Protein chains: 2
Amino acid sequence: MGRPREHDEQTRRTLLAVAGDLLASEGSAGVSVRRVSQEAGTTTRAVYSLFGDKEGLLRALYQQAAETMRHHHEAVPEDEDPLVEITALALAYRAAALEEPNLYGLFMSGAVPGFRPVGEDARLARRSLARVVQAVQRFVDTGKLPGRDPRAVAQQLWGLVHGLAALELQGHLGPPGQAEARWRDAVLAAVTGYRQPPSTPQ
Amino acid sequence: MGRPREHDEQTRRTLLAVAGDLLASEGSAGVSVRRVSQEAGTTTRAVYSLFGDKEGLLRALYQQAAETMRHHHEAVPEDEDPLVEITALALAYRAAALEEPNLYGLFMSGAVPGFRPVGEDARLARRSLARVVQAVQRFVDTGKLPGRDPRAVAQQLWGLVHGLAALELQGHLGPPGQAEARWRDAVLAAVTGYRQPPSTPQ
DNA sequence: ATCGTAACGTAACAGCGTCGCGATAGGCTG
DNA sequence: CAGCCTATCGCGACGCTGTTACGTTACGAT
């Protein structure tokens with residue numbers, strides 16, 4: 001019974017695509033409920049029917065960004081040398097961040113006003129790093145990172161790459177060539193450090 | 001000639017203090033020109049006379065945050081061991097970030113909608129790390145970080161601490177005790193790595 | 001054919017950043 | 001001392017925002 005819904009899955013996809021484009025082309029200021037729904041050829045009601053509210057729309061975008069990050073990581077081949085594989089994973093993270101800076105900003109921190117991932121969404125960010133945890137675990141198991149806690153190392157590497165990404169997106173790392181050198185060097189130093197057994201007990 | 005200005009230096013300080021308090025207590029959503037000016041006992045015009053526009057007000061807050069960060073760093077005593085001094089500097093960074101998360105978010109990236117530091121302000125962020133650059137320079141000069149470019153190392157350490165701060169503020173590092181352990185461990189690994197001469201030419 | 005109901009578009013609400021406009025207040029000139 | 005000049009003031013309006021109450025519409029069930 002009742003009127004059949006026209007705000008369907010297709011409309012949902014269109015809204016998400018438009019929101020993503022607007023975020024990329026005009027930044028967070030361009031993403032308003034009116035603007036997005038109008039450019040998607042529908043009305044503001046559609047956003048509220050499909051996503052609950054504006055934050056719901058942003059949450060969907062966030063999940064999409066997390067998925068993109070996960071795909072970038074899973075495309076990295078395994079390597080028996082931790083330095084090679086971890087460097088490749090870091091550069092995959094960098095590629096994802098540079099590819100869609102605004103989407104990455106939404107994903108990793110505060111590029112959009114009041115948006116903050118909570119609960120399941122916050123865990124989504126961590127899950128997108130599963131590939132890194134798995135790699136570090138493998139290196140620990142085979143004695144290549146002696147005495148290390150895989151989750152701790154993955155967290156710390158995550159911190160490093162996120163910080164480098166934030167700095168590069170703000171222009172603090174110079175031109176892309178120099179920036180990549182900074183990434184490689186930082187990862188190299190970190191992995192070198194992790195290859196030594198930790199001196200503080202954990 | 002003309003009417004004497006009542007939007008003076010005192011008004012400016014009051015507006016900045018109110019804006020800082022609102023940012024700390026209610027986040028970026030609480031900082032509106034109307035709200036700030038009203039709670040400061042003046043009118044919206046004062047903000048536009050003294051700061052140009054809302055972004056001018058935020059810029060002034062940003063500069064204040066940079067200054068706070070610089071002070072935290074300069075309070076760290078010198079030490080002949082790079083590991084000791086750099087760890088202390090990193091924990092000073094952490095303390096500044098945790099002390100006023102919203103101000104730090106404004107300072108380091110996108111905690112406020114359309115705000116992005118440019119030009120002189122972006123350089124201000126780098127200048128707040130002068131103490132780190134100086135320390136690394138000293139270690140390079142005395143051969144404790146052989147073959148390193150002080151500016152590159154400082155940038156990379158900056159990336160590391162910023163990333164860790166962002167992760168911790170988002171709750172990804174667990175309770176404060178574990179978080180501090182993560183910080184110490186990450187810095188330890190990085191410094192250990194920097195003590196080895198770089199294998200890639202720079 | 002009529003009714004019930006669910007989803008629709010519209011229009012309104014409060015709040016936002018910004019700025020044009022008339023009022024105001026003090027220093028300079030006569 | 002009176003009056004003008006002008007820089008600064010507060011007020012109110014403009015167009016925007018996210019959200020939602022409301023009247024309308026379209027279909028399945030009776």
Side-chain angles (χ1 to χ4, degrees), chain A residues 1-16 18-23 25-62 102 106 110-116 118, chain B residues 1-16 18-23 25-62 102 106 110-116 118:
Chain A
M1 38 188 130
R3 177 175 178 167
R5 48 173 56 211
E6 302 163 20
H7 297 160
D8 56 359
E9 188 59 28
Q10 175 56 40
T11 311
R12 181 188 165 89
R13 275 192 294 267
T14 306
L15 283 170
L16 270 178
V18 169
D21 289 347
L22 279 174
L23 190 63
S25 62
E26 306 188 19
S28 69
V31 182
S32 75
V33 176
R34 280 176 175 79
R35 185 83 185 279
V36 170
S37 56
Q38 183 177 337
E39 300 209 0
T42 177
T43 67
T44 61
R45 208 84 190 91
V47 172
Y48 290 92
S49 295
L50 290 167
F51 299 98
D53 55 5
K54 185 188 182 183
E55 190 181 329
L57 174 65
L58 294 175
R59 214 158 34 221
L61 266 185
Y62 172 90
N102 286 293
L106 175 68
V112 171
F115 181 71
R116 276 211 150 191
V118 290
Chain B
M1 36 186 127
R3 179 175 176 168
R5 45 175 56 213
E6 302 163 19
H7 297 163
D8 55 0
E9 189 59 27
Q10 175 56 40
T11 311
R12 180 187 167 89
R13 274 192 295 266
T14 306
L15 284 171
L16 270 178
V18 169
D21 289 348
L22 280 175
L23 189 64
S25 62
E26 306 188 21
S28 68
V31 182
S32 75
V33 176
R34 281 177 174 79
R35 185 84 185 278
V36 170
S37 56
Q38 181 176 336
E39 301 209 0
T42 177
T43 67
T44 61
R45 209 86 191 98
V47 172
Y48 290 91
S49 296
L50 290 167
F51 299 98
D53 55 6
K54 185 187 181 182
E55 191 181 329
L57 174 65
L58 294 175
R59 214 160 32 223
L61 266 186
Y62 172 91
N102 285 295
L106 174 69
V112 172
F115 181 71
R116 275 211 151 192
V118 290

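Any value given below was found using the heavy atoms of this structure, including those in side chains, with hydrogens, waters and symmetry copies removed. Computed from a predicted model, the values in this text were never measured in an experiment. By convention in this document, chain letters (A, B, ...) are assigned in the order of the sequence lines, proteins followed by strands, and residues within each chain are numbered from 1.
The separation between A:F51 atom CZ and D:dG18 atom P is 14 Å, rounded to whole Å. What separates NZ of A:K54 from C1' of C:dC16 is a distance of 12 Å, to the nearest Å. One can place CG of B:L50 at 16 Å from P of C:dG17, the figure rounded to the nearest angstrom. Between A:Y48 atom OH and D:dA21 atom P there is a gap of 12 Å when expressed in whole angstrom units. Taking atom CG of residue A:D53 and atom C1' of nucleotide D:dA21, one finds them 17 Å apart after rounding to whole Å. One atom, CG of B:L22, and another, P of C:dG17, lie 11 Å apart when rounded to the nearest Å.
Closest of all the heavy-atom pairs between A:F51 and A:L16 is CZ-CG, 4.1 Å. Between B:R12 and B:A60 the shortest heavy-atom distance is NH2-CB, 4.2 Å. Shown here for B:L61 and B:A19, the closest heavy-atom pair between the two residues is CD1-CB, 4.0 Å. Closest approach of B:V31 to B:L58, counting heavy atoms only: CG1-CD2, 4.4 Å.
Residues forming a side chain to side chain contact (heavy atoms under 4.5 Å, CB included) with B:T42 (at least two apart in sequence, or on another chain): B:H7, B:T11, B:L15, B:S37, B:A40, B:A46.
Within 6.0 Å of atom CD in B:E26, more than 12 heavy atoms from other residues, nucleotides or ligands are found, so the atom counts as buried in its surroundings.
Proximity of A:H7 to the phosphate of C:dC8: a side-chain N or O atom is located under 4.0 Å from OP1 or OP2.
Near DNA chain C, meaning a heavy atom under 4.0 Å away, the residues from residues 32-45 of chain B are B:S32, B:V33, B:R34, B:T44, B:R45.
Within 4.0 Å (heavy atoms only), B:V47 reaches no atom of the nucleic acid at all.
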